[in-house]
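Proteins get letters first, then strands, A, B, ... in listed order; numbering begins at 1 in each. Just so we're clear, the structure is a prediction, and the values are computed from it rather than from any experiment.
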There are 2 protein chains.
Amino acid sequence: MKGASVVPITVAGLKSACSQCNLQELCLPFGLDDSEINRLDELVATRRKVKRQQHLYRAGEAFEAIYAIRTGSFKTDVILEDGREQVTGFQMTGEILGLDGISSEHHSCNAVALEDSEVCIIPFAKLEELSREVEALQHQFHKVMSREIVRDHGVMMLLGSMRAEERLAAFLLNMSQRFTARGFSPAEFHLRMTREEIGSYLGLKLETVSRAFSRFQEDGLVSVQQKHIRILDIPGLKKLMHHPQVT
Amino acid sequence: MKGASVVPITVAGLKSACSQCNLQELCLPFGLDDSEINRLDELVATRRKVKRQQHLYRAGEAFEAIYAIRTGSFKTDVILEDGREQVTGFQMTGEILGLDGISSEHHSCNAVALEDSEVCIIPFAKLEELSREVEALQHQFHKVMSREIVRDHGVMMLLGSMRAEERLAAFLLNMSQRFTARGFSPAEFHLRMTREEIGSYLGLKLETVSRAFSRFQEDGLVSVQQKHIRILDIPGLKKLMHHPQVT
DNA sequence: TTCTCTGTTTGATCCAGGTCAAACAGGGTC
DNA sequence: GACCCTGTTTGACCTGGATCAAACAGAGAA
């Protein structure tokens, strides 16, 4: 409940709202014209800082808003009564958190910052209101939700039908692609999550993740130094995904 | 492409639209008042019959509408280039198919009828139009999408963190609960899918599914005769889910 | 500098579920 | 009736990834 009681921080100078944000094309404003984005600005007036390891929200909390990541990154997870954790996703800047809460008016998973981060608070009732007036916003919001569903299907495929090394390859390629979309190098990046979190996401134990990294390094596919990753052979990784085995 | 070329069948007497449908409370009309449902009726004028094993839509096809299942049931799946299939869900009456297509304007999975079925066609552009006017419809539609996301997270938990028998127990309990919501017996039902399809959904091989069924039968939890299932001990199945092992 | 704490790597062993194979059961057709 | 054909069950064996265990590496703190 600690996370819940954190008071949202209203940032003083509001000039850096959606209309000024360089994440527009990855986020909710995509497809809106200038006047529409200005209307969205009014909605997204408050922001909140979340320190590393802190919760943005917890399973069970009342749902009131969705969040757009402005800086930093998060993981979402579900925890069973017996303590088993399943990481359901890793989110980067421009991505939307909290969509799980709409269905029951309560969040159904936890969102935890992987590094010091900041999110834009989008009150959901107001978003629905505005998206009744702004067609482009409505449509973009539906696309964001649908994209999450498609992403989830991909994860099911990964968990249900791929072997350990394929899963890790898919994960690395996905990260690479998302870093690229944000203007970073496709080949070199820093992972914010632990081996254990990667393992939970991929349905593997941390040792298996570590071994797969070592294997990739031996095979010259990547260079790994702790959390720093350099992908040396993207086609090689892709090949590995499609050709599960020599058998 | 066969599935795509099937001409939608307009049913003659339109009196059995949403306003007359007994699936209202499970479907898109939930929460709408009578006059609002009448407006929805105009939208959902056409239906389509899909025979067992036929596709409602295929991955890659242009997205134009979502579908509400009126009778019968479906599976959705994703297929990799190398032929591996991952079943991403089983859908029953009142549930909505096609949400995956919104994000890219093309379907990203296949939907196949598990028995002779009928769906209501809901043209998506018109749905967005109407939900800009009808607040309750907008909200219900958002809940439907969110519910799909929550469901997907549950499947990830299942695939990533549960053992074979837990997965099957979770599956049976889920089916039971959904049959109950439709006015059928919680304890006795007929599975429309094969062991292989169940296995694909649960990330297991068909033999493992079969063995788990046999084990449950030995332990007096269920009685299994081919596709006909009778659950004898619901608490027992639940217990099995939360206490993975005696270890 | 050393100590501690958390996360990572690597090795040795084990087992749940996969694989291969064969028998079986029910439903449809001739 | 006999004959498929598809889906299911069961058995025997194998293996990928889990488990257990120990060493190691970097980041802070004192």
Has [X] got a side-chain N or O lying under 4.0 Å from the OP1 or OP2 atom of [N]?
| X | N | answer |
| --- | --- | --- |
| B/Lys205 | C/dC20 | no |
| A/Thr208 | D/dA18 | yes |
| B/Ser210 | D/dT10 | no |

Round to a whole Å and report the spacing from [atom1] of [X] to [atom2] of [N].
| X | N | atom1 | atom2 | value |
| --- | --- | --- | --- | --- |
| B/Leu204 | D/dT8 | CG | C1' | 16 Å |
| B/Glu218 | D/dT9 | CD | P | 12 Å |
| A/His228 | C/dT8 | NE2 | C1' | 17 Å |
| B/His190 | D/dG7 | NE2 | P | 13 Å |
| B/Lys227 | C/dG26 | NZ | C1' | 11 Å |
| B/Arg163 | D/dG17 | CZ | C1' | 12 Å |
| B/Leu206 | C/dG18 | CG | P | 10 Å |
| B/Glu197 | D/dT6 | CD | P | 15 Å |

- May I ask you to decide whether A/Glu165 forms a salt bridge with A/Arg211, counting only side-chain N to carboxylate O separations under 4.0 Å?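 Result for this pair is no, no salt bridge flagged.
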- Message: What's B/Gly203 touching, base or sugar-phosphate or nothing? Going by heavy atoms closer than 4.0 Å.
- Response: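 Since only primed, P, OP1 and OP2 atoms lie under 4.0 Å of B/Gly203, the category is sugar-phosphate.
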Is any N or O donor-acceptor pair between the side chain of [X] and the base of [N] shorter than 3.5 Å?
| X | N | value |
| --- | --- | --- |
| B/Arg211 | D/dG11 | yes |
| B/Arg215 | D/dT9 | no |
| A/Arg167 | D/dG17 | no |
| B/Arg195 | D/dT10 | no |

- Message: How close do B/Arg230 and B/Glu188 get, counting heavy atoms only, and between which atoms?
- Response: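 Shortest heavy-atom contact: NH2-OE2, 3.5 Å.
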- Between A/Leu97 and A/Ala111, which heavy-atom pair has the shortest distance, and what is it? CD2-CB, 4.4 Å
- Message: Between A/Glu165 and B/Gln225, which residue's closest nucleotide on DNA chain D lies nearer the 5′ terminus?
- Response: B/Gln225
- Query: Mapping A/Ala164 and B/Gln226 onto DNA chain D by nearest heavy atom, which one lands closer to the 5' end?
  - Reply: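 Residue closer to the 5' terminus by nearest nucleotide: B/Gln226.
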- Angle class for the A/Phe184/A/Phe179 ring planes (parallel below 30°, perpendicular above 60°, tilted otherwise)?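 Answer is perpendicular, since the angle exceeds 60°.
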- Query: Using 30° and 60° as the class limits, which term best fits the ring planes of A/Phe63 and A/His107: parallel, tilted or perpendicular?
  - Reply: perpendicular
